[in-house]
Amino acid sequence: MQQLTSSQQLSAFVRGGDVGLVPTMGSLHAGHASLIERAKQENECVIVSIFVNPLQFNKTDDLRKYPQTTIADIELLEKLNVDAVYLPKYADIYPEGDEVQRLSAGVVGESFEGAARPGHFDGMLTVVHRLLQQVNPSHAYFGEKDAQQLCLARQMVDDLEMPVKIIGCDLIRDADGLALSSRNVHLSNAARNNALRLYQALTRAAEDFAEGERQAQNLLSTIHGMLNGADIKVAYCAVVNDKTFAELNDEVDCGSRVIIAAEVGGVHLLDNMLLVS
Ligand code: PAF
C-alpha cells in the first residue's frame, strides 16, 4: 500500500481506469471496512483518505476530542489490501489557508444535523469537493449512517456535474444493534446501554410501518415513547424523503427514512432506518 502524504504524491499516484475513493476522518471501524470491501469489488484501484477536516466541526472541543488512531488505521488498510492511503495536511487540501471559501450545503444543509451543528455540512461538502477534485475517482463511497451527508454529496455531484458516482453503503451495526461510529469509543458502559435504545426505538417504528402504520406522527410518538425515561437528549427525530431529505409530517411512503440524533452520555450519536413493508 502506498502512503501518500501530500497532494503532489497523490497526483503522481492517480491513474485512469476505475478508481474508488473512500473518504474518512480515520478512527476506522468495521463500517469503513465495509465501504472499502465494496470499493474493491467495483474498482481497479482503491484510495482511502484520512483527513480530520476542521471546517466541519462547529465546536473546537469536538474537533479536539475527535479520536485519532492513524497507526492502527494504516495497519487495517494494509490488511484490507487498499492500493493507497492519502494522508493530506491542511495545506494540501486548503492551500489558501484560512481564506478558504466554503461551499454552501443550502437549505437541506441547514436542517436536522445541519441545525444541530451549524456549518457542518458546508465544511463537509467543501472537503469532499476538494478530495473528489484531487483524486478524480470514478466512484466515491459513503455510509448510510450519515444519510443526510450522503444525500448532500449526491446533490453536490449532480449540481456541479462532477464525473463521479456516489455509492451509498449499508449502515453497519454491532451485534446488539448499535450503529458503528468513531465516536462510540467515548461511550461509557452505561451510556452505551442507553444508546441501544435508539436502535430499539427505530426498529419498533420500522416494524409498525411494516405492519401498516403510515402516519409519521404515530411512528415518531412510538420512538419518543420508547426513549422516555432514558438518559437521552434527542436533538431531532423525523421521517424524511430519502432522496431529498424533505421532512414528512403526514402520510409516509415505503422507502422513506426515519432519522434520529441524540446526545447520550455527552456523545452525539446518529442513527436511521429505511421504512419498508
Ligand atoms: O463521514 C466522514 O467521515 C466525513 O464527513 C467525510 C465524508 C470524510 C468528510 O470529512
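Note that ligands are numbered from 1 as they come in the structure, with each ligand's atoms numbered from 1 the same way. Just the heavy atoms: all of them, side chains too, but no hydrogens, waters or symmetry mates, feed the values below. For clarity, every value in this text was computed on a predicted model and none was experimentally measured.
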Colleague: Looking at ligand 1, does any of its N/O atoms fall within less than 3.5 Å of an N/O of N53?
Modeller: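 No: no nitrogen or oxygen of N53 is under 3.5 Å from one in ligand 1.
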Colleague: Under 6.0 Å from the six-membered ring centre of F13 and within 45° of its axis: does the NZ or CZ of R15 meet both?
Modeller: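 Here R15 passes the 6.0 Å and 45° test against F13.
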Colleague: Answer yes if the side chains of N53 and Y94 hold a donor-acceptor pair under 3.5 Å, and no otherwise.
Modeller: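 Result is yes, a qualifying pair exists.
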Colleague: Please identify which atoms of ligand 1 are closer than 4.0 Å to at least one heavy atom of V127.
Modeller: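 Selected atoms, number and element: 9 (C), 10 (O).
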Colleague: Judged by modelled atom types alone, do E113 and Y236 share a side-chain donor-acceptor pair under 3.5 Å?
Modeller: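 Side chains of E113 and Y236: pair found under 3.5 Å.
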Colleague: Can you tell me which residue among L21, I167, V22, V48 is in a side-chain contact (heavy atoms from CB on, under 4.5 Å) with L35?
Modeller: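 Answer to the side-chain contact (heavy atoms from CB on, under 4.5 Å) test with L35 among L21, I167, V22, V48: V22.
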Colleague: Going by the order shown, which atoms of ligand 1 are within less than 4.0 Å of some heavy atom of M25?
Modeller: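 Listed by number with element: 3 (O), 4 (C), 8 (C), 10 (O).
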Colleague: Among all protein heavy atoms in this structure, tell me which lies nearest to atom 9 (C) of ligand 1, with the distance rounded to 0.1 Å.
Modeller: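 Result: Q56 OE1, 3.4 Å.
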Colleague: Based purely on interatomic distance, does Q149 place a nitrogen or oxygen under 3.5 Å from a nitrogen or oxygen of ligand 1?
Modeller: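 Yes, there is a polar N/O contact under 3.5 Å.
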Colleague: Please list, in number order, the atoms of ligand 1 under 4.0 Å from a heavy atom of T24.
Modeller: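 So the atoms of ligand 1 that pass are 8 (C).
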Colleague: Just checking, any donor-acceptor pair under 3.5 angstrom between side chains of S111 and Q148?
Modeller: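 A pair is found: one side chain offers a donor N or O, the other an acceptor, under 3.5 Å apart.
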